[in-house]
Amino acid sequence: MFLVISAIASGCEGWQDIEIYGEEKLDWLRGYRRFKNGIPRRHTIARILRSVVAESLLEALACWINEQRTSQNRPVIAFDGKVLRGSYRNDRKTALQLVTAYDTERGLVLSQKPTATKNGELSVVRQLIDIINVKGSIITLDALHCQRETLEKIAERKAHVVVQVKNNQPKLRKAVMEQFQAVFDAGKEKVVSEIKEKRHGRQEERYVFQLKAKFPKELAQKWPTIRSIIAVERHRIVNGKGSVDTSYYVSSMSPNHKLLGHYIRQHWRIENSQHYVLDVVFKEDSSRITLDGAVENIALFRRFVMNMLRQSDCGAPSQKSKLKKAGWSDDYRARVFFGL
């Protein structure tokens, strides 16, 4: 496993890469492990990795993360699913899907679990909420997870939630929209936060509105943990064409909390700083490793390495630069792994 992790940290993508890396870096590897019989062949590496129980790796990841994470005020934890698009044999629909818990403030993967279907994310997220210490955290979720059972579980774990509301909860969405519309029609709306951005030919302005949740009695009984509702109005100009859309969210936090819009924005960091890095830097989507069991474990190793690079302060400016430098320099690789 030390061979595999250090190979991934040096930019290796497949079994043959790992074997070649091991042969070329055997002297360096023996500085930290015996490798009495040399480097295994690539088929043996794949079989060994397939035999490792994923739960034991996740436990190791959790222990390491708990040592690395420092105490913070209300860390934001985003839950989201990702399909490993190249991890299929004959049918693309069989590609591995992973649900990840991601600390958006620190850029660290906290845990992951596979799911067979998109709807399977519901039970997986609830399992992860039970596994991870989320007390005092803000949990952000997309609209799929706007479910009473999920929100109540988060409350039981003494965490707060911000979740988008879409048409999978039609009555809740209608009530949220009607409450905001009444305020807008009366001209009593108040912008809590305003963000303006301009980049790459795109101009966007976001306005966040927050209200205390006032639902009909039946709806209030069904959603007892919801204290506030949020509307995010986005004005975009792309290539000279303008558009306006509004997204709606609910939260267990007070409507007077000034950072609800920030937490909503933070949720999408899992796309930009995790999914993007895994696909562009680690080439995860193009990986053709398909061996059952090994796919999940190699994916977890990538996240181990990504966490190590995030925590490393060795002079390289980006994840991509760190990965390249770890491949080129034995000294740099040792500093990433051991802080030497």
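This is a predicted model, so every value here is computed, not measured.
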Please check if atom [atom1] in [X] has more than 12 non-hydrogen atoms from other residues, nucleotides or ligands closer than 6.0 Å.
X      : atom1 : result
Arg41  : CZ    : no
Gln16  : CD    : no
His235 : NE2   : yes
Glu24  : CD    : no

So that I can tick it off, tell me whether [Y] and [X] are bridged by a salt bridge, with the cut-off set at under 4.0 angstrom between side-chain N and carboxylate O.
X      : Y      : answer
Arg236 : Glu205 : no
Asp279 : Lys283 : no
Lys82  : Asp285 : yes
Asp142 : Lys166 : no
Lys153 : Glu149 : no
Lys113 : Glu296 : no

Any chain of hydrophobic side-chain contacts (each under 4.5 Å) joining [X] to [Y]?
X      : Y      : answer
Met1   : Leu29  : yes
Leu144 : Leu128 : no
Val4   : Trp28  : yes

Any side-chain donor-acceptor pair under 3.5 Å between [X] and [Y]?
X      : Y      : value
His145 : Gln147 : no
Ser273 : Tyr102 : yes
Arg126 : Thr150 : yes
Arg303 : Gln112 : yes

Q. With a cut-off of under 6.0 Å to the ring centre and 45° to the axis, is Arg33 in cation-pi contact with Phe2?
A. yes

Residues at least two apart in sequence or cross-chain that pass ring pair (Phe, Tyr, Trp, His ring centres under 6.0 Å) with Trp328, listed by chain then number, are none

Sorted by chain and residue number, the side chain to side chain contact (heavy atoms under 4.5 Å, CB included) partners of Ala78 (sequence neighbours excluded) come out as Thr104, Thr140, His267, Ile270

Contacts of Ser10 meeting side chain to side chain contact (heavy atoms under 4.5 Å, CB included) (sequence neighbours excluded), chain-then-number -> Tyr21, Arg333

**Report entry** Sub-6.0 Å ring centroid separation between Tyr263 and His160
**Finding:** no

For the ring pair Phe209 and Phe184, is the centre-to-centre distance below 6.0 Å?
-> yes

Between Glu197 and the options Arg234, Arg202, Arg206, the salt bridge (Lys or Arg N to Asp or Glu O under 4.0 Å) test singles out Arg206

Applying salt bridge (charged side-chain N to carboxylate O under 4.0 Å, His left out) to Arg42 and not counting sequence neighbours gives Glu19

Note, Ile45 side chain near Leu3 side chain (heavy atom, < 4.5 Å)
yes

Here the side-chain hydrogen bond (donor to acceptor under 3.5 Å, both in side chains) pairs for residues 171-191, sequence neighbours left out, are Asn167-Arg173, Gln181-Asp185

Distance-only donor-acceptor pairs under 3.5 Å for side chains of residues 215-229, two or more places apart:
residue : atom : partner : partner atom : Å
Ser228  : OG   : Met253  : O            : 2.8

Heavy atoms of Ser251 and Leu260 approach each other most closely as OG-CD2, 3.7 Å

Next on the checklist: Below 30° counts as parallel, above 60° as perpendicular, anything between as tilted: where do the rings of Tyr248 and Phe180 land?
Outcome noted: tilted

